[in-house]
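If you read the sequence from its start, that first residue is 1, and numbering goes on from there.
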Amino acid sequence: QVQLVESGGGLVQAGDSLRLSCAASGRTFSRNAMGWFRQAPGKEREFVAATSGSGADTYYADSVKGRFTISRDNAKNTAYLQMNSLKPEDTSVYYCAASTHSYGDYVPSWYAYWGQGTQVTVSS
């Protein structure tokens, strides 16, 4: 059974940093794209960042470009999201996702596997 487990969320102040982790189990995703999405109350799930299977290619939403960095450690079957210069508008539940494809995309339907989410709250 495939599982994605996020960790690292929490309550921080504007300008602080957080690092989210996504540990995968049940299968190896070293050749598969992984991504991060977020969803705030009353809003649709939105794309944050993605990385290709090799990690060589990365994609970011304009709202986080230059502040967030996605990475992965295929030996650990784990993806990360380093979030710097956090803003109150980054407050959301953050979800990790894994695709059956080797390259990433912006739409949730591209990803077959999802974690349960981790809450990130940024106070002003």
Side-chain angles (χ1 to χ4, degrees):
Q1 182 181 358
V2 174
Q3 278 193 318
L4 302 179
V5 179
E6 302 99 334
S7 61
L11 171 63
V12 297
Q13 293 187 332
D16 286 350
S17 298
L18 277 176
R19 188 194 195 203
L20 305 183
S21 298
C22 172
S25 61
R27 64 165 282 179
T28 300
F29 288 101
S30 60
R31 297 184 179 182
N32 301 102
M34 297 187 74
W36 289 93
F37 289 76
R38 65 188 182 186
Q39 188 167 19
K43 295 188 177 181
E44 292 189 354
R45 190 165 298 190
E46 66 171 349
F47 171 78
V48 175
T51 176
S52 60
S54 67
D57 300 307
T58 55
Y59 320 84
Y60 296 96
D62 287 342
S63 59
V64 306
K65 203 171 292 183
R67 299 188 298 122
F68 291 11
T69 303
I70 188 171
S71 62
R72 64 191 299 161
D73 184 339
N74 284 338
K76 296 181 178 180
N77 217 21
T78 299
Y80 305 96
L81 185 68
Q82 177 67 43
M83 305 186 295
N84 298 329
S85 302
L86 283 161
K87 304 175 181 181
E89 51 263 44
D90 294 318
T91 295
S92 209
V93 177
Y94 284 71
Y95 296 91
C96 173
S99 176
T100 57
H101 306 283
S102 61
Y103 54 95
D105 204 278
Y106 305 91
V107 295
S109 59
W110 190 253
Y111 299 85
Y113 305 100
W114 291 85
Q116 82 288 349
T118 185
Q119 177 71 46
V120 172
T121 303
V122 185
S123 64
S124 57

Checklist entry - Does the side chain to side chain contact (heavy atoms under 4.5 Å, CB included) test come out yes or no for Arg72 and Met34, once each step is laid out? => result CA-CA 9 Å; Arg72 64 191 299 161; Met34 297 187 74; 3.7 Å; yes
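Across all their heavy atoms, Ala50 and Tyr111 have their closest contact at CB-OH, 3.4 Å. Taking all atoms of both residues into account, the shortest heavy-atom contact from His101 to Ser99 is N-OG, 2.9 Å. The heavy-atom pair separating Val122 from Lys87 by the smallest distance is CB-O, 3.3 Å. Across all non-hydrogen atoms, the minimal contact from Ser124 to Pro88 is CB-CG, 3.8 Å. Of all heavy-atom pairs spanning Ala49 and Tyr60, the tightest one is CB-CD2, 3.6 Å. Ala24 and Leu4 get closest at one heavy-atom pair: CB-CD2, 3.4 Å.
Side-chain atoms of Glu6 come within 3.5 Å of backbone atoms of Gln116 as a donor-acceptor pair (strictly under, hydrogens ignored). Using a distance-only test at 3.5 Å, with no hydrogens or angles considered, no donor-acceptor pair links the side chain of Ser21 to the main chain of Ser7. A distance-only check finds a donor-acceptor pair linking the side chain of Asn32 to the backbone of Thr100 [under 3.5 Å]. Side-chain atoms of Asp16 come within 3.5 Å of backbone atoms of Gln13 as a donor-acceptor pair (strictly under, hydrogens ignored).
A heavy-atom distance below 4.5 Å is found between the side chains of Gln119 and Thr91. Within the 4.5 Å cutoff, the side chain of Asp73 has heavy atoms near those of the Tyr80 side chain. At least one side-chain heavy atom of Thr118 sits less than 4.5 Å from a side-chain heavy atom of Leu20. The side-chain heavy atoms of Arg19 and Met83, taken from C-beta on, include no pair separated by under 4.5 Å. You'll find the side chain of Gln82 reaches within 4.5 Å of the side chain of Ser17, heavy atoms only. Contact check for Trp114 versus Arg45: side-chain heavy atoms found under the 4.5 Å cut-off. Using a 4.5 Å heavy-atom threshold, the side chains of Val120 and Asp90 count as separate. Taking 4.5 Å as the limit, every side-chain heavy atom of Thr51 sits out of range of all side-chain heavy atoms of Asp57.
For Trp36 and Phe68, the distance between ring centers is not under 6.0 angstrom. The six-membered or imidazole ring of Tyr59 lies away from that of Phe47, with a centre-to-centre distance of 6.0 Å or more.
Listed by first and then second residue, the disulfide bond (SG atoms under 2.5 Å apart) pairs involving residues 11-124 are Cys22-Cys96 (not counting sequence neighbours).
Distance OG/Ser30 to CG/Asn74: 5.0 Å, rounded to 0.5 Å. The distance from the OG1 atom of Thr69 to the CG atom of Asn84 is 6.5 Å, given to the nearest 0.5 Å.
Under the 4.5 Å side-chain heavy-atom criterion for ILVMFWY residues, a single connected hydrophobic cluster contains both Val107 and Tyr103. Val93 and Tyr113 fall into different hydrophobic clusters, defined by Ile, Leu, Val, Met, Phe, Trp and Tyr side-chain heavy atoms under 4.5 Å apart, directly or through other members.
Within the cation-pi definition used here (under 6.0 Å to the ring centroid, within 45° of the axis), Arg31 does not qualify as a partner of Phe29.
Salt bridge present: Asp62 and Lys65 bring a charged side-chain N and a carboxylate O closer than 4.0 Å.
Tyr94 meets the side chain to side chain donor-acceptor pair (under 3.5 Å) test with Arg38; sequence neighbours excluded.
Dense packing is recorded around CD of Glu89, with more than 12 heavy atoms of other residues, nucleotides or ligands lying under 6.0 Å away.
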